[in-house]
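Owing to the predicted nature of the structure, the values given are computational and were not obtained by experimental measurement. Numbering of residues begins at 1 and proceeds along the displayed sequence.
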Amino acid sequence: MLREEAWSVHYSSRDLPQPEPQPWHLQVSQAEWELWLDDLGIPDGTPYLLSPCFAYDVHLNSYLHQVNLMEGPINSQINRASALCRHLNFLHRSRGGKDWRAATEADHTAYYYWRRRDPRGPRVDGNTWSPEVSHLQQFYVYAKSKSWVAEVPIQQRPRRDAKDPKNGKRRSRPDSATETVPATYSHDTGGKAIEWLPAPSYRRWRDVGVLGYDREGLPRDGFRGRWASRNGAFSDSTVRTGLRLEEQASRLTLEVPTGPGPAGYSRFWLPGVIAKRNSARWVYEPASVRRDLTAYAAEDRRLVIEEAREAGRYREIRRPIVIADPRTPHMAQYTSGINRGEKIDVRLLDPGERRRLLIDTEEGLEPAMFWLGESGMPLALSTWKDMFTDANRRCEEQGLDLYAHAHLLRHTFAVITLEQLQRGHIVALGNMNPAQRLHYQRIFGDPMDWVRKRLGHASQLSTLIYLHALQELEMETRMALVPDAWEDPRDTPVTVLGDEEPPLESPRDKQVTA
């Protein structure tokens, strides 16, 4: 069966394979291709769209290639391109192959009905639809500013005044009378309780969905789980640190505590370049997870590296960035391009560049990225998303009403850690001498603020949703919320906890302030 023609999302890469034989219209050398992308300032991994006949629309893609958008999180870029792609495919398939420049309000109304109400459509909820229509609005406003369209083909209404989070009253703004927003914005967004899992539920989801046990806790026949321990360590580290998916997936070996360590927690510095909104911060890894990370590094990770070396895969990486001296693991050197020979602090490399970062060890080259796949290469974000999808499917097959995704594990970390800190806060202060109390208050003086810093939130308002989640629980539920095996940050030696100052030898990452 032939695949239906459709618009599609692709991602820029300087390492595209050359077709053989090479058609005359694609006879562009690898060096010319790299220079073209360099001149445009387009980094690897930037999304672009191709039409059903594989045409590249320069105007359309110039929107995605604005500097302010390319500097945003890769997930935001993917969501923006995907929203546009869905809209374009609707015009192509359901509106007579209409070009986006000719779209009308009637087309948008039909699209809204199909996405939200049509029994034959996906019937997405408001939390999915509103970000989508926001992306479309921003694109068409940009297109109108360039005179590519005469009007924005989305019905508008006056913007409502925002509510004051303190008293719930709407605050008027000078420009609110003239500002407009899409009239199809959903009214069923927000107000939805955050999703998180109590620790026993998380462990059951992990055991059944990730590690391959049945609902009775026994190994399941037919489960092919060579990477189960790696995936379990990834999930445990995410739920115990509160890291976002891209933050967790982009860590280097020097940013993952392994080997012998203190009881309680070890901490590592998360560079701003891989953190959302440059939220560089200290992150705390519990000892139980550190043991699993150490086992993965010494066994599964080491094995795939050895196999990849024997196959010569690391020698085939184009434009590698190499840490030549393991004694100075923070410094690497460009080996090609206009920066050839220049040194760079690896904590300034973005997630895309980190995929090309290698360490030159006595045994040979190996990736600096911590999480590797069967080929010995760094894993893509899509692989981790697929891991959660597969885990949820296995739980469903076992009759368990449990599901999770990376952000749900982040919510779980926040709710449990906040309860943990609040529960012992007053008791801890009463058992300390004045000097200990002063240091404790400096680190844990406000449980809400401590959790805020771990999550990388700029404001406590973003963290308040977790306090509301706790307040909705019955007291007996809250008392059972934190398991005994869940290490408490306050059990960690003060010398390990330190303060919020970045490491002295690192680039001064921008700090998140309340």
Salt bridge present between [X] and [Y] (N-O < 4.0 angstrom):
X	Y	answer
E307	R313	no
D292	R240	no
E247	R251	no
D107	R95	yes
D57	R101	yes
D449	R452	yes
R354	E255	yes
E366	R301	yes

Roughly how far, to the nearest 0.5 Å, is the [atom2] atom of [Y] from the [atom1] atom of [X]?
X	Y	atom1	atom2	answer
S235	L211	OG	CG	8.0 Å
L358	M369	CG	CE	11.5 Å
S62	K146	OG	NZ	7.0 Å

Indicate the ring-plane relationship of H411 and H407, choosing parallel, tilted or perpendicular according to the 30° and 60° boundaries.
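The arrangement is perpendicular - the two ring planes meet at more than 60°.
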Should the pair W129 and H108 be assigned to parallel (<30°), tilted (30 to 60°) or perpendicular (>60°) ring geometry?
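The rings of W129 and H108 sit tilted, inter-plane angle from 30° to 60°.
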Do H405 and F388 make the cut of ring centroids closer than 6.0 angstrom?
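Here the rings of F388 and H405 have centres that are no less than 6.0 Å from each other.
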Can H87 and Y140 be counted as having a side-chain donor-acceptor contact under 3.5 angstrom?
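Note: H87 and Y140 side chains meet the donor-acceptor criterion.
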Run the salt bridge (Lys or Arg N to Asp or Glu O under 4.0 Å) test on R355 and D350 for me, step by step, so that the C-alpha distance in whole Å, both residues' side-chain angles and the decisive distance to 0.1 Å come before the verdict.
CA-CA 9 Å; R355 296 181 64 83; D350 63 32; over 6 Å; no
Heavy atoms from other residues, nucleotides or ligands near CD of E397 exceed 12 (cutoff 6.0 Å)
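Correct, the count exceeds 12.
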Taking atom OH as the centre, does Y213 end up with more than 12 heavy-atom neighbours from other residues, nucleotides or ligands that are less than 6.0 angstrom away?
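Not more than 12 within 6.0 Å, no.
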